[in-house]
Amino acid sequence: PSRQYGENDFKSARKYAKIVCEENDPDNVEDILNMMEVYGKDLVKKAFDKVKRKRISNPKKSYHYVKGIVKSMAKE
């Protein structure tokens, strides 16, 4: 990553990425960190909380779906 993030934020982003099985993808982890900065940590947490309840086999339990939720919630 080209930017420095705090350790707690990085741990949170990895935790969120793990919800959608993307914790080992550095691009997605950095994208989550960027979303936390742009849209706020609370909004990103709410989006991942919505997806967290879904079964692993549910196609909506994906990183792209979470990004859509964040952008949609940000417009409200």
Side-chain angles (χ1 to χ4, degrees):
S2 58
R3 301 175 66 175
Q4 287 291 90
Y5 298 99
E7 187 176 338
N8 288 338
D9 286 344
F10 182 76
K11 286 180 181 179
S12 292
R14 288 267 327 231
K15 182 183 80 172
Y16 294 145
K18 189 172 184 171
I19 292 170
V20 291
C21 303
E22 296 286 343
E23 69 272 21
N24 293 318
D25 185 327
D27 292 333
N28 286 345
V29 173
E30 186 170 21
D31 198 34
I32 293 168
L33 286 162
N34 287 330
M35 285 194 304
M36 290 166 63
E37 204 172 271
V38 172
Y39 299 109
K41 295 175 187 177
D42 290 339
L43 193 138
V44 172
K45 180 184 183 316
K46 287 177 187 175
F48 275 98
D49 284 347
K50 282 185 176 188
V51 173
K52 182 169 57 176
R53 295 187 291 251
K54 300 190 182 309
R55 292 178 177 233
I56 194 74
S57 60
N58 189 324
K60 290 183 176 179
K61 191 165 188 167
S62 73
Y63 179 62
H64 294 291
Y65 186 69
V66 170
K67 283 179 74 169
I69 292 172
V70 169
K71 290 177 181 178
S72 175
M73 290 171 74
K75 289 180 184 176
E76 293 176 0

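Counting from 1, the numbers follow the sequence of the chain as shown. Note that the coordinates shown come from a computational prediction; the quantities given were computed from them, not determined experimentally.
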(message) Enumerate the salt bridge (charged side-chain N to carboxylate O under 4.0 Å, His left out) contacts for residues 6-23, please, sequence neighbours excluded, ordered by first and then second residue.
(response) Glu7-Lys11, Asp9-Lys41

(message) Can you list everything that forms a ring-ring contact (aromatic ring centres under 6.0 Å, His included) with Phe48? Sequence neighbours excluded, please.
(response) Tyr16

(message) Looking at every heavy atom in both Ala17 and Val29, which two are closest together, and how far apart are they?
(response) CB-CG2, 4.0 Å

(request) Just jot down the side-chain hydrogen bond (donor to acceptor under 3.5 Å, both in side chains) partners of Lys71, sequence neighbours excluded, or say none. (result) none

(request) Applying side-chain hydrogen bond (donor to acceptor under 3.5 Å, both in side chains), name anything that partners Lys50, two or more places apart in sequence or on another chain. (result) none

(request) For Lys54, enumerate each residue passing the side-chain hydrogen bond (donor to acceptor under 3.5 Å, both in side chains) test, keeping only those at least two apart in sequence or located in another chain. (result) none

(message) So Glu37 and Leu33, do their side chains get closer than 4.5 Å, heavy atoms only?
(response) no

(message) Taking side-chain hydrogen bond (donor to acceptor under 3.5 Å, both in side chains) as the definition, give me every residue that meets it alongside Glu76, ordered by chain and number, with sequence neighbours left out.
(response) none

(request) Write out all pairs satisfying salt bridge (charged side-chain N to carboxylate O under 4.0 Å, His left out) with one or both partners inside residues 55-65, taking only residues at least two apart or from two chains. (result) none

(message) With a 4.5 Å cut-off on side-chain heavy atoms, are Met73 and Tyr39 touching?
(response) no

(request) For Asp31, check salt bridge (Lys or Arg N to Asp or Glu O under 4.0 Å) against everything at least two apart and list the hits. (result) Lys67

(message) Return the OG to CD1 distance between Ser62 and Ile56, rounded to the nearest 0.5 Å.
(response) 10.5 Å

(request) Kindly state each residue pair satisfying ring pair (Phe, Tyr, Trp, His ring centres under 6.0 Å) with at least one member in residues 54-76, sequence neighbours excluded. (result) none

(request) Give a yes or no on whether a salt bridge exists between Arg53 and Asp49, defined as a side-chain N under 4.0 angstrom from a carboxylate O. (result) no

(message) Let me confirm one number: the CD1-CG distance from Ile32 to Asp27, rounded to the nearest 0.5 Å.
(response) 11.0 Å

